[in-house]
Every structure is written in structure tokens, then in C-alpha cells.
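Notes follow once the structure below has been shown.
Because the structure is a prediction, the values reported are computed rather than measured. The chains referred to below are lettered A, B, ... by the order of the sequence lines, with proteins before strands, and numbering in each begins at 1.
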There are 2 protein chains.
Amino acid sequence: MNIRTACLALLAHGEASGYDLKKRWTEGPFSRFFDASFGSIYPTLAKLEQEGLVLFRQEGQAGKPLRKVYSLTESGRQAFMEALSAPPEPDVFRSAFALLALCAPFLPAQVLERAIEVRLNDQRAELAELEAIASTDTRAPISWLVAWGIHHFRSDIAFLEAKGAELAAMAGSAEPGGTYEVCPSCTSGADA
Amino acid sequence: MNIRTACLALLAHGEASGYDLKKRWTEGPFSRFFDASFGSIYPTLAKLEQEGLVLFRQEGQAGKPLRKVYSLTESGRQAFMEALSAPPEPDVFRSAFALLALCAPFLPAQVLERAIEVRLNDQRAELAELEAIASTDTRAPISWLVAWGIHHFRSDIAFLEAKGAELAAMAGSAEPGGTYEVCPSCTSGADA
DNA sequence: GTCGTCATGTAATTCGTTACATGATTTT
DNA sequence: AAAATCATGTAACGAATTACATGACGAC
């Protein structure tokens, strides 16, 4: 999922300026699924325009700078469809917390406990935010996604509440750099 | 979570060559949490060595190329601790499937249905893989993480099974490029 | 004899961020 | 008077990937 595709997808929802796109990814229900900086949005829109996938109309309101309001062309619509019809890349699950958990035996108890606590707080805060959106926003695909997110966070929190102590108990049970067995078959040289 | 930190974390589990690290991230229980290419692993290891965080011993077995087996130094251990003690970046949840779901009203039914089906298959396959690992590998932090993953995938699958049809039913309910209301407050120009 | 595994490394390229540059208007 | 919002864009930089380059050995 690159910026290009994300731009097309948002523009399919309705015309918007670069500034609008940034806002949608920063605030509101879209923010959990993507983000991009102005430094990539503007060049991307310019490129899409060159390729004929979008066109823009210049809009100048009193007292405000010029706005370039972009909308999809017919080829843009096709490109959007194609991008979303392509076999999806599987979600990559890159979690700093996972790395920490993997290293539990090498970490002091307080670091682990603190990390688990922070994690729980963060997840609860995100859950609360989603629940707030769910209660005010009922438009079809957004409420579905928000429900998905709520489900996900609740499940995650439940797991941590049930098994967090187990993880914390591993603290300090091994020495870093030692010969802790990770994945014996993954060490090419050693024949053990 | 960058390659540097990930290298330090894996090396804390025991000495390894660049090739080993790649293997650990590609196969086995680590693969779900990180990945890196040789093009980034080797320069990273060289840099870590220059900084004195790791040292290596050259190992040449008969009939095989030279191996550089890296291990953490004392400063490496400290850097590892520091990196993992730092406030964790929250997991970013960037899912191509989420973008697709967000666009459900603009997509033809078959595209959506197919995507949901593929998603379910993928998630079930990942679950099965984790369950296989769980039954053979009982070493402490890994089995914890695997249990976390299993919990996560089961929860995700359950949600899709329960609510997938609801999502599929949204197909084709809006025209791309139209004025589908996404986030009214996120459109800067329009005062509506 | 070709392909896969082991093993290391460099160069080109891509994708994106941060910081910079500009400038009017409204709010504090 | 300062800061925030609206609005667009460029330039420098970073982090990582893919592709390239090399070479021996074992399996089929």
C-alpha cells in the first residue's frame, strides 16, 4: 500500500486538495490506517495529474490561498480499481513490543513491567478513541472498520491482561550474548 | 524498530553471522515480527563493528565460504538495553485490507468477496503455521509470542466470519468520484 | 551440467520523511 | 506582537530494497 494507491482511494471518496488528504489521514477515522507527509502528497498528486489519473480545478476563496481541488478521471477510476483488485500484500506485523517480548529473558524486570504497563495504557487509549468514533459515526464502511479495530484492541488487551504476568516473570532469566537457544536450525555454521 | 536494534536483539540471543540473521528473520518464529535484506544486514553489522558494539571472529569450515560470526560486546549489550528501554513506538496498523474495506461502496461485489475470501484463507494459513510452531516449540518467550499471535489471528478470523458478509453487502453502493461523505470536517474549502 | 545452498558484499534505485521556503489571514 | 491555520511546494537526507558481482561445493 503506497501513497499513490492511498491517494486514489481517498479521491474516490470525493474530490480533495493535498491539504485535505493530509487532514483526512491525520484526523478522523482514516488516521489509523495510513499517514503521509506533505513532502510526498504534493509530488504524488502532481505525478497523478501528469499521468492523467486526476485533474484539478483551482479554487481561490477570499482571504485564503489558492486551493488545487483534485478529482479522479476515468483512467484514475480504473487505476484505483486495479490497485485494489491486485492480490493484497499480507499485513506486516512489525511491533516494537514483540521484539521486546522476544528479549524478555535478557531484560531487567522493571523494564519489562513498565513496557507491559505502557502497552496496556496505549491500547486502552486507542480503544477508547475508537469507541468514541463508533458512537458518533455510523457511515457504512467506516463503522465496519471501527468495529474491526475495536474487536482487535479488546482482544489484544484481554490477552495482555491474562498473560502479561507470565511474560514479566521471564525477566532476567538469561544472560545477553550467552548461548540462549533461539532457533537451532537457523545457525548455519554450528552442527548441533 | 530499525534494523540496528533488531540486529542487536538477535545477537543478544547468541552469536550469529549475517546469513544466520537473515535466516532467523525469514524462517522460524521470528519471521512474523521482522524482516531484512542482505543489502541492509551486512552494512549494519559492519557499522556496529566500527562502533564497537559487536565483534566478529572469522570461521572457515572445510568446503564452505568464510563466515563472520558476530557477538555483542559490553557496549553492545548496553546499546541493546537502551534501545529496548526507550519508549516504544506504537505499532502502526497499515493494512491493505483496511484500505479495501474503506472503499467497499466503490468496489464491485466480486472484487470485495474475493478479497474477503483471500484474506480469510491467508489468516487461516498463518494461524495453522503458528499452531504448528506452538506444538513443537516450548521455549519461553517464543511460545508466549506465538500464543499472542494465535490469539490475534483467531480473533481476526472470528470477526471476518461474523461480519464479512456485512462488508460484502456494501459493494457498489456508491459511485467513485462522487460526493460520498467521508469526513466532512476534513474538507478545508467547503463550508457545509 | 544445472540448480540450490552457503556466504559476503556493493551499487543503483525507490520510497518516504524532515526541514526549508513562502505568504496571507485569523485568532490569542 | 506572536502564533496558529490555510495552502503549496522543493531540497536534502535517510532507510531500506532490488539487482548485481563473486565463488565454491553438493545434490540431482
Q) Quick one: on DNA chain D, does Thr44(B) or Tyr70(A) contact a more 5' nucleotide (nearest heavy atom)? A) Tyr70(A)
**Q.** Test salt bridge (charged side-chain N to carboxylate O under 4.0 Å, His left out) applied to Asp35(B) - qualifying residues, sequence neighbours left out
**A.** Lys22(B)
Q | Nucleotide nearest Ile3(B) (side chain, heavy atoms from C-beta), chosen from dT8(D), dT8(C), dT17(D) | A | dT17(D)
Q. Is the backbone of Phe106(B) close enough, under 3.5 Å, to the side chain of His13(A) for a donor and an acceptor to pair up by distance?
A. no
Q: For Leu48(B) and dA15(D), give me the distance from atom CG to atom P, rounded to whole Å.
A: 13 Å
Q: Please work out which of the three classes, parallel, tilted or perpendicular, describes the rings of Tyr70(B) and Phe56(B), given edges at 30° and 60°.
A: tilted
Q: Can you pull out how bent the helix from dG1(C)-dC28(D) to dT28(C)-dA1(D) is, comparing the axes over its first five and last five pairs, to 10°?
A: 30°
Q.
I want to check one thing: is the phosphate of dT8(D), taken as OP1 and OP2, less than 4.0 Å away from some side-chain N or O of Lys22(A)?
A. no
Q. Starting at OH of Tyr19(A) and ending at P of dG23(C), how long is that distance when rounded to a whole Å?
A. 18 Å
Q. Given atom CZ of Phe34(B) and atom C1' of dT17(D), what is their separation to the nearest angstrom?
A. 13 Å
Q.
By the salt bridge (charged side-chain N to carboxylate O under 4.0 Å, His left out) test, which pairs, at least two apart or in different chains, include something from residues 96-107 of chain B?
A. none
(Q) Pick the closest DNA chain C nucleotide for Pro65(A) and for Arg4(A) by heavy atoms, then say which residue is nearer the 5' end. (A) Arg4(A)
Q) Once you round it to whole Å, what is the distance between P of dA7(D) and CG of Leu66(A)? A) 10 Å
(Q) Please report the distance, rounded to the nearest Å, between NZ in Lys68(A) and C1' in dG9(D). (A) 9 Å
Q: Give the rounded distance in Å between these two atoms: NZ of Lys47(A) and P of dG9(D).
A: 16 Å
Q: Answer yes or no: is there a donor N or O on one side and an acceptor on the other, between the side chain of Thr44(A) and the main chain of Ser40(A), under 3.5 Å?
A: yes
(Q) Measure CD/Glu59(B) against P/dC6(C) and give the value in whole Å, please. (A) 15 Å
Q | Atom pair CG (Leu10(B)) and CG (Asp20(B)), whose distance is rounded to the nearest 0.5 Å | A | 10.0 Å
Q) Hey, does the side chain of Lys23(B) come within less than 4.0 Å of dT5(C)'s phosphate (OP1/OP2), counting only N and O? A) no
(Q) Distance check needed: dC6(D) P versus Leu21(A) CG, whole Å only. (A) 15 Å
(Q) Assess, by modelled atom type and distance only, whether the side chains of Ser155(B) and His152(A) contain a donor and an acceptor separated by less than 3.5 Å. (A) no
Would you mind writing out the side-chain donor-acceptor pairs for residues 156-170 of chain A within the sub-3.5 Å range, not counting sequence neighbours?
from	atom 1	to	atom 2	distance (Å)
Asp156(A)	OD1	Trp148(B)	NE1	2.8
Asp156(A)	OD2	Arg119(A)	NH2	3.1
Asp156(A)	OD2	Gln123(A)	NE2	2.6
Glu161(A)	OE2	Arg124(A)	NH2	2.7

Contacts under 3.5 angstrom, residues 45-54 of chain B side chains, donor-acceptor by atom type, not counting sequence neighbours:
from	atom 1	to	atom 2	distance (Å)
Glu51(B)	OE1	Arg4(B)	NH1	3.1
Glu51(B)	OE1	Arg4(B)	NH2	3.1
Glu51(B)	OE2	Arg4(B)	NH1	3.1

Q. In residues 35-43 of chain B, what residues come within less than 4.0 Å of DNA chain C, judged by heavy atoms?
A. Gly39(B), Tyr42(B)
